[in-house]
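Please read these numbers as outputs of a predicted model, since none were measured by experiment. Here is how names work: the chains are called A, B, and so on, in the same order as the sequence lines, proteins then strands, and each is numbered from 1.
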Amino acid sequence: MRCLPHGQPQIIRRLLLKVQLPDGNEIEVADGATALDVASSIGSGLARAAIAGKMTKDDRTEIVDLQKPLPGDCELAILTASDEDPDSLYVLRHSAAHVAAEAICKLFPEAKLVYGPPVENGFYYDIELSQSITPEDFPRIEAEMKRIVQEKRPFCRHEAPREEAMVKLRDEGNRYKIDNAERAEGDKLSFYVTGENVGSNFEDLCIGPHVPSTAVIKAFKIRQVSRSHYRGDVNDTPLQRVYGTAFFKKDSLDAYLTQLEEAKKRDHRVIGRDLGLFVMSEQVGAGLALWLPKGMTVRTQLQNYLTDEMIKLGYELVCTPQIGQLGLYRTSGHYPYYEDSQYPAMFESDRGKAIQSALQLAQRVEADRGSERKRGEVAVQAMISAMRQAWGAIEGLRDDAPLPDTIERLYAALASEQGYLLRPMNCPHHIGVYMAHPRSYRDLPMRIAEFGMVYRWEQSGELSGMIRVRGFTQDDAHLFCTPDQLAHEVLTTVKLSRQVLEVLNLYDYRVRIGLRDLASDKYVGSPENWAKAEAAIHQAAVESGMNFSEEKGEAAFYGPKIDFIVKDCIGRSWQLGTVQVDYNLPERFGLSYIGPDNAPHVPIMIHRAPFGSMERFVGILIEHFAGAFPMWLSPVQVAVATISEKSEAYGRQIYDTLKNAGLRVELDLSSEKIGPKKHRLRTAKINYILVVGEKEAQDNLLNVNDRDGRTIGNMTVGAFIGACQQEIVSKGDTCVGV
RNA sequence: GCCGACAUAGCUCAAUGGUAGAGCACAGCUUUCGUAAAGCUGAGGUUCAGGGUUCGACUCCCUGUGUCGGCUCCA
């Protein structure tokens, strides 16, 4: 028994901690025990495999170092060196980031470390370094990392009181670390040394946790280097961001890298070109897709499907133009608030065009400094005086005013100029449809739909194939309803959105409720309206039974929304379908219906687009199916390939029969051998390839092959057509077989 | 928009300041072929556009356009 200094027997208040394990068992360990102690008490094998603990106490879960004493009774899971466990990988990759940073610092002594977190599929480290790191440097970095790993150095945590630590950081003089430390919470700061030798081994300010030793980091790869800015601020210091990944096992790394290679082959930009689905033309303009006939076939099938479903649900189709008067968008709030995100307005009068030009010049000059700015200001003044001579003075505009005032006056002058805007959204036009007649509550809900093309001036760096474009087609509809009808209509639209994803086998989506950010001023409408709209959206999400996350600041400017988000083949997330509840635009446009009380009421609008954008949706779909569309969507469903010229007549006869049966069919009479012919047709992702030669002609049969290389067998034409029709109706089942 | 890289035949890529080339695809011919690539021949180029340096530019410099990877943004 330990004794107190006074020699009195110690009264032991607490000897044991209760630790609940994932299997439900509870074990007791000594006070001060660590996750490693718990692992050891369960088994030495587990202790060897352990890399961290996942501890829950007071409903808070955190991942902790193996060596950290447990704070009291808790739940604890031991994280082991498993590539299957995202938590284990998270810790591993955090540690790998430290090793990468050490390697980079050794090779580039000038490098200043900024921030190096684990991310979804690996880690990155932001570094300030004037010299560019290039892919040619990656093998050197990896070799240096390998050396560090082979030294089997432990990760050792050190804590210091905040003030003491800050002194040390200031001595080091790395502004980023000082900044990070200042933003860290708590009265202590922690550091991790990669090794046992404080002072000589690599050390980084870090909250942890880390794996016990570099030896655990068995498989890693530096993959990419790119640019970023400190704290994401483009005006702050430019940094180099080195991306890497790490796994516990080499096989897992290899599998991951192979998967990335495979994913690249699914890229819709490559498949879209190879299969002749769409092109992007430099002559037409960035972000403006040209749908080729085969791509348009896919799109038309999707549109027909959705249209049929909408008609069943009581929607009606409308068609509206792609531009509209500026006044419309002033009322809606799109113009000039979102001016930067729109194609420039087309002003009608010379005066309007001149003011627009002067404003654009003034805005550009405002960003300049020094003599360049002085020259610019002179040019702006010259434009203004020329305008005065031509059309008279612009109200409030003085020659000697500072540039910001001039910009404000030009803006004000532009506000009364007439012109047109390429529409960024369809809703104002659909509101025009609503306003075509007086409406009664008996007309509601009114559901109007249009595959409407809209144009947005996306930043040039954002454009990406069909997935992020400047001109796109929304499968847009607007529902106008009474408050009583709202909940039911929102729920129905949510169901429709899920239905279209799932009919295409797209189950891997997440649902996000976008709410208003109270701190932002980008929203229109009253807090009461917002509260009602957000409640309606929330209720629909709950009733639909989906898992969802709620995110502030993701609402549309007129209302909250439910977004369906999917990933492309290289892991980027994109919004597809959306459902939005809007109390505000009806108010802004003064919409009304006559209620049963014979008084006017303001309807509520629902904006919804299950595909979102046809361009983006088809892009994602190309990647999802790797170009091998289910038969109902395929641009070419069947190919007839003749063995030789001797079978040409029979081939033509089969082709005509299939075409008359409504199948999309291609005839290949070329003089190649059947091997290369099949190869070409399979590469074109045609669902079924019918080989026809003298034998088939004699027996009046088809030799049916699929695009995966399987020979299905011989069938009669009638049986084949029947199976195809069945497969088309099923929207995804395989029905052709013998 | 910012940072960086890139732009050569339809596609993938060569050509280091001195006559722009290959494979695949395409066209013609030969072959009439039985299930993952037959042979020969041919055509195809304002080397993204415009300007500059140079005796001479695909190559070096500037500007613009576009593409890619990030950042930032996405009503």
Atom pair distance, as rounded to whole Å: CD in Q240(A) and C1' in G4(B): 9 Å
Contact pattern, 5' to 3', of nucleotides 69-75 of chain B - B, S or - by protein heavy atom under 4.0 Å: BBBBBBB
Inter-nucleotide P distance (A9(B), U46(B)), Å rounded: 9 Å
Distance, C1' atom - from U53(B) to C61(B), rounded to whole angstrom: 7 Å
SB check E554(A) R512(A) (cutoff 4.0 Å): yes
Inter-nucleotide C1' distance (A38(B), A57(B)), Å rounded: 43 Å
Going by atom type alone, with no hydrogens or angles, which donor-acceptor pairs under 3.5 Å involve a side-chain atom of residues 637-644 of chain A and a protein atom two or more places apart or on another chain?
{"unit_1": "Q637(A)", "atom_1": "OE1", "unit_2": "R664(A)", "atom_2": "N", "d": "2.7"}
{"unit_1": "Q637(A)", "atom_1": "NE2", "unit_2": "M631(A)", "atom_2": "O", "d": "2.9"}
{"unit_1": "T642(A)", "atom_1": "OG1", "unit_2": "D668(A)", "atom_2": "O", "d": "3.3"}
{"unit_1": "T642(A)", "atom_1": "OG1", "unit_2": "K677(A)", "atom_2": "NZ", "d": "3.1"}
{"unit_1": "S644(A)", "atom_1": "OG", "unit_2": "K646(A)", "atom_2": "N", "d": "3.2"}

Atom P, compared across U31(B) and C13(B): separation rounded to whole Å: 38 Å
Evaluation steps, side-chain contact (heavy atoms from CB on, under 4.5 Å), between R456(A) and Y343(A): CA-CA 6 Å; R456(A) 300 180 185 179; Y343(A) 278 86; over 6 Å; no
Rounded distance (Å) that lies between atom P of A5(B) and atom CD1 of I133(A): 14 Å
Integer-rounded Å distance: U65(B) P and M280(A) CE: 17 Å
Pairwise salt bridge (charged side-chain N to carboxylate O under 4.0 Å, His left out) hits with a residue in residues 467-478 of chain A, at least two apart: E458(A)-R468(A), E462(A)-R468(A)
Rounded P spacing from C60(B) to A7(B) in Å: 10 Å
Euclidean distance, atom CG of residue D568(A) to atom P of C68(B) [Å, nearest integer]: 12 Å
Nucleotides 25-34 of chain B: protein proximity per nucleotide (B base, S sugar-phosphate only, - neither; heavy atom, under 4.0 Å): -----BBBBB
Closest non-hydrogen atom pair between G287(A) and L463(A), with its separation: N-CD1, 4.0 Å
Cationic N near anionic O, under 4.0 Å, R423(A) to E450(A): yes
Whole-Å P distance, C33(B) and A25(B): 23 Å
Row check, Y124(A) ring normal vs R241(A) NZ/CZ: under 6.0 Å, within 45°: yes
Nearest-angstrom distance, P atom, G42(B) to G23(B): 12 Å
Check ion pair R652(A)-E648(A) (N to O, under 4.0 angstrom): yes
Within 6.0 Å of CZ in R510(A), more than 12 heavy atoms from elsewhere: yes
K552(A), NZ atom: more than 12 neighbouring heavy atoms under 6.0 Å: no
Nearest-angstrom distance, P atom, C68(B) to C11(B): 14 Å
Sequence-distant partners of V114(A), side-chain contact (heavy atoms from CB on, under 4.5 Å), two or more places apart: D126(A), Y176(A), Y230(A), L239(A)
Touch class at under 4.0 angstrom, heavy-atom based, for G514(A) against every strand present: nothing
Duplex segments of RNA chain B, taken as runs of at least three Watson-Crick or G-U pairs that stay under 3.5 Å: B:1-7 with B:65-71, B:10-13 with B:21-24, B:26-30 with B:38-42, B:48-52 with B:60-64
OH (Y115(A)) with more than 12 external heavy atoms under 6.0 Å: no
